[in-house]
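Below: the structure, in structure tokens.
Quantities reported herein were computed from a predicted structural model and do not represent experimental measurements.
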Amino acid sequence: MTLGHLNPILCALDTVALPEALAWARAVKPYVGGLKIGLEFFNANGPQGVRAVADLGLPVFADLKLHDIPNTVAKAVESLGPLPIQMLTLHTAGGRP
């Protein structure tokens, strides 16, 4: 999946209920360029929830706002690597790894 021609509008799936998130995502799929999941969704549904959202065929923005000491943030990002996430938020104020 490429982000080159991405519709700049993302839909925030701000719920912890996977069925509700998927229903919202299906409803807006023709109109948006991606789907945003937050920390609450990720904590409630884990990698399986991310994969379920990604299976709908739109880019996934994981708005997890990772912020900790550099090594912890680096390891967290590394652990997210296998997931179908195209965008991720993290805070860099913790310093360099």
Side-chain angles (χ1 to χ4, degrees):
M1 177 177 320
T2 178
L3 299 176
H5 296 14
L6 179 68
N7 174 337
I9 299 172
L10 303 180
C11 178
L13 303 177
D14 287 340
T15 179
V16 297
L18 181 58
E20 186 174 37
L22 294 175
W24 292 349
R26 286 185 192 102
V28 300
K29 182 178 176 180
Y31 311 105
V32 300
L35 303 166
K36 182 202 74 96
I37 60 165
L39 183 59
E40 297 89 353
F41 177 90
F42 187 79
N43 286 341
N45 298 286
Q48 302 86 343
V50 175
R51 289 186 188 97
V53 170
D55 283 348
L56 296 175
L58 289 172
V60 175
F61 167 33
D63 190 16
L64 304 182
K65 297 178 182 80
L66 300 175
H67 182 74
D68 206 314
I69 62 171
N71 190 53
T72 300
V73 171
K75 294 293 184 183
V77 171
E78 185 179 312
S79 73
L80 294 168
L83 294 177
I85 296 170
Q86 284 72 37
M87 296 166 271
L88 173 69
T89 53
L90 55 95
H91 294 270
T92 60
R96 294 178 167 229

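Nearest approach of Arg51 to Leu83, heavy atoms of both residues: NH2-CD2, 3.5 Å. The two residues Phe41 and Ala21 make their nearest non-hydrogen contact at CE1-CB, 3.8 Å. The shortest heavy-atom contact between Val60 and Pro84 is CB-O, 3.7 Å. Residues Leu10 and Gly33 share a closest heavy-atom pair of CD2-C, 3.9 Å. Between His67 and His91, the shortest heavy-atom distance links the atoms ND1-CB, 3.0 Å. Contact record, Ile9 with Asn7: N-OD1, 2.8 Å, taken as the closest heavy-atom pair.
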Worksheet entry | Working for side-chain contact (heavy atoms from CB on, under 4.5 Å), residues Val73 and Ile69 | CA-CA 6 Å; Val73 171; Ile69 62 171; over 6 Å; no

Discussion item. Checking Val50 against Phe42 for the side-chain contact (heavy atoms from CB on, under 4.5 Å) test, could you report, in this order, the C-alpha distance in whole Å, the side-chain angles of both residues, the deciding distance, and whether it holds?
Written reply: CA-CA 7 Å; Val50 175; Phe42 187 79; 3.6 Å; yes

Item to complete: Give the intermediate values and the outcome of side-chain contact (heavy atoms from CB on, under 4.5 Å) for residues Val32 and Leu58.
Response: CA-CA 8 Å; Val32 300; Leu58 289 172; 3.8 Å; yes

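Considering CD of Glu78 and CG of Asn71, their distance stands at 9.5 Å, rounded to 0.5 Å. How far CH2 of Trp24 is from CG of Leu56: 14.0 Å, rounded to the nearest 0.5 Å. How far CE of Met87 is from CG of Leu35: 9.0 Å, rounded to the nearest 0.5 Å. Interatomic distance, CD1 of Ile37 versus CG of Asp63, reported as 9.0 Å (0.5 Å rounding). Between the CG atom of Leu66 and the CG atom of Leu88 there is a distance of 5.5 Å, given to the nearest 0.5 Å. Taking CG from Leu64 and OG1 from Thr89, the interatomic distance works out to 6.0 Å, rounded to the nearest 0.5 Å.
Under a 3.5 Å cut-off, the side chain of Asn45 and the backbone N or O of Val16 do form a donor-acceptor pair. Remark: the backbone N or O of Leu13 is not paired with any side-chain donor or acceptor of Lys36 at under 3.5 angstrom.
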